[in-house]
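Accompanying notes for the structure given below.
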Amino acid sequence: MQSTGPKKIKCAVFISGNGSNLKSLIQFSKKKDSPLSIELIISDNLNAKGLKFGKIFKISNKVFNYKNKSITEKKIISEMINKKIKLICLAGFMKILSINFIKSFKGKILNIHPSLLPKYKGLNTHERAISNNEKYSGCTVHFVNSRLDSGKIILQKKVKISKSDTVKSLAKKILIQEHKLYPKAIKKVFSL
Ligand code: GAR
């Protein structure tokens, strides 16, 4: 028999790309004081680089092509039920979940977004922050509700934009903070 500690929350992480936030969440989940157990990785993209972390850390993954959103979401929901998933962490997942999907996991979906919400919802956040001459940007972890990037904020981290920053350099600086912020936000909501 394994571990005698408190039961961990079974979690699925949804990704579309590099999966650096997924990696940081997996590393966090392995810590003793983490409330999470990552049971499943979901991707809409067969070529998502982050899928490699499933292999490296031996976590099962499922890739769904989103040709038909409502059929795909039904399949995802049955996968969640099979694996008894109680929390969904969106980590660079670039598809928008339907209202029905969100309702069926009400209060159980978190997202990380690369801006200081409510500023710069949606895509191209760094580009817009730089072209508006913002002095700061950052990242936000929030609950997902039916309006895009508008759910209750859990934690934010500010990052200074310097004059020499490009979209690429800013994205990199913010990503480093994202990797710390997501675990911290999860601890804040679900600490054991
Ligand atoms: C992260 O910066 C995340 O905040 C952003 O995509 C990147 C994924 O990086 N998410 C969004 O823009 C969601 N709208 P990762 O795949 O290396 O974690």
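Remember, it's 1-based here, ligands and their atoms both numbered in the order they're listed. Remember, predicted model here, so these are calculated numbers, not experimental data.
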How would you list, by chain and number, every residue that makes a side-chain contact (heavy atoms from CB on, under 4.5 Å) with Ala185, sequence neighbours excluded? Val141, Ile154, Leu155

Near ligand 1, at a heavy-atom separation below 4.0 Å: residues by chain and residue number: Asn18, Gly19, Ser20, Asn21, Gly92, Met94, Ile112, His113, Pro114, Leu175, Glu178

Check: Lys160 main-chain N/O paired with Lys173 side-chain donor or acceptor under 3.5 Å: yes

Pair listing, side-chain hydrogen bond (donor to acceptor under 3.5 Å, both in side chains) test, anchored in residues 38-49, at least two apart: Ser16-Asp44, Ser37-Glu39

May I ask you to list the residues sharing a hydrophobic cluster with Ile153, side-chain cutoff 4.5 Å, ordered by chain and number? Leu117

Do the side chain of Ser169 and the main chain of Asp165 share a donor and acceptor less than 3.5 angstrom apart? no

Is it the case that Lys23 places NZ or CZ above or below the six-membered ring of Phe53, under 6.0 angstrom from the centre and within 45 degrees of the axis? no

